[in-house]
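Counting from 1, the numbers follow the sequence of the chain as shown. The analysis underlying the following values was restricted to heavy atoms, covering all of them including side chains, and did not include hydrogens, waters or symmetry mates.
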Amino acid sequence: MSKLNILRYPDPRLHTVARPVAQVDDRIRRLIDDMFETMYAAEGVGLAASQVDVHERLIVIDTSDLRNEPRVLINPEVMAASEEQVLGEEGCLSVPTVYDKVLRPSRVRVRALDREGLLVEFDAEGLLAKCVQHEMDHLMGTVFVQYLSQLKRTRIKTKMLKQARDDER
């Protein structure tokens, strides 16, 4: 396993729409392992393949307190979403140190393939629902800051570009 480089906003590659995973094979399982290692090392709860510059429909998630409930979603789809919405704080490994509130459905029904290529379907609420929706946005080329006002987006972009320059020194 190896840690992968996480793209940072405003990198234009974060806006690439991911293509479906054609086959769940050893290459995909290696990518899953590397993504989990990367996500855990960065202390995140979710990571989309798009964030590591692999533009395929693959997400890894672990919202458990003990970090012992890894969940793999390949070619995920939201089958249903609640009408009830909740305004919740979100952060992103591609936009480190930035947190803001995003309005999302409070519950979703999700269908995806698991690590072995088997079909799974489950209901998600709370942090898991937020995480699934956030990561699925990445697969569509959307970063959570795009839900914020233009003023906030501009400030975040400026902050991220400054951080990148400082990191290069």
Under the rule for side chain to side chain donor-acceptor pair (under 3.5 Å), what residues qualify as partners of K159, not counting sequence neighbours?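 Applying side chain to side chain donor-acceptor pair (under 3.5 Å) to K159 gives T97.
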Might you confirm whether atom [atom1] of [X] has over 12 heavy atoms from other residues, nucleotides or ligands at distances under 6.0 Å?
| X | atom1 | value |
| --- | --- | --- |
| M79 | CE | yes |
| D65 | CG | no |
| R67 | CZ | yes |
| E89 | CD | yes |

Nearest heavy atoms of [X] and [Y], plus distance in Å:
| X | Y | value |
| --- | --- | --- |
| Q51 | S94 | NE2-OG, 3.0 Å |
| C131 | G46 | SG-CA, 3.8 Å |
| H134 | C92 | NE2-SG, 3.6 Å |
| Q146 | G141 | OE1-O, 3.7 Å |
| E121 | R109 | OE2-NE, 2.9 Å |
| S106 | A129 | O-CB, 3.6 Å |

Can you tell me how far the [atom1] atom of [X] sits from the [atom2] atom of [Y], to the nearest 0.5 Å?
| X | Y | atom1 | atom2 | value |
| --- | --- | --- | --- | --- |
| E56 | R27 | CD | CZ | 4.0 Å |
| R165 | R169 | CZ | CZ | 7.5 Å |
| D100 | K152 | CG | NZ | 3.5 Å |
| T142 | Q133 | OG1 | CD | 12.5 Å |
| R104 | E90 | CZ | CD | 4.0 Å |
| R19 | R57 | CZ | CZ | 12.0 Å |

Taking ILVMFWY side chains as joined if any heavy atoms are under 4.5 angstrom apart, and letting links pass through other members, which residues group with [X]?
| X | value |
| --- | --- |
| I156 | L7, Y9, L14, V95, V98, V102, V143, F144, V145, Y147, L148, M160 |
| F36 | L4, I6, V21, V24, I28, L31, I32, M35, M39, Y40, L47, V52, V54, L58, V60, V72, I74, L93, L113, L119 |
| L87 | L103 |

Heavy-atom side-chain contact between P76 and V132 under 4.5 Å: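 Of all side-chain heavy-atom pairs linking V132 with P76, none is under 4.5 Å.
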Under 4.5 Å between any side-chain heavy atoms of R115 and P70, yes or no?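 Result no, sub-4.5 Å side-chain heavy-atom pair not found.
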Same hydrophobic cluster for [X] and [Y], using side-chain heavy-atom links shorter than 4.5 Å among ILVMFWY?
| X | Y | value |
| --- | --- | --- |
| V120 | V78 | no |
| F122 | M136 | yes |
| V86 | V108 | no |
| V45 | I61 | no |

Listing request: all side-chain hydrogen bond (donor to acceptor under 3.5 Å, both in side chains) pairs with a residue in residues 68-79, at least two apart in sequence or in separate chains.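 Listed by first then second residue: S64-N68.
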List in chain and number order the residues that pass salt bridge (charged side-chain N to carboxylate O under 4.0 Å, His left out) with R13, two or more places apart in sequence or in another chain; answer none if no residue qualifies.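 Counting only residues at least two positions away or on another chain, R13 forms a salt bridge (charged side-chain N to carboxylate O under 4.0 Å, His left out) with D11, D53.
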Do K162 and D166 sit within salt-bridge range, that is, some charged N less than 4.0 Å from a carboxylate O?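 A salt bridge is present here (some side-chain N lies under 4.0 Å from a carboxylate O).
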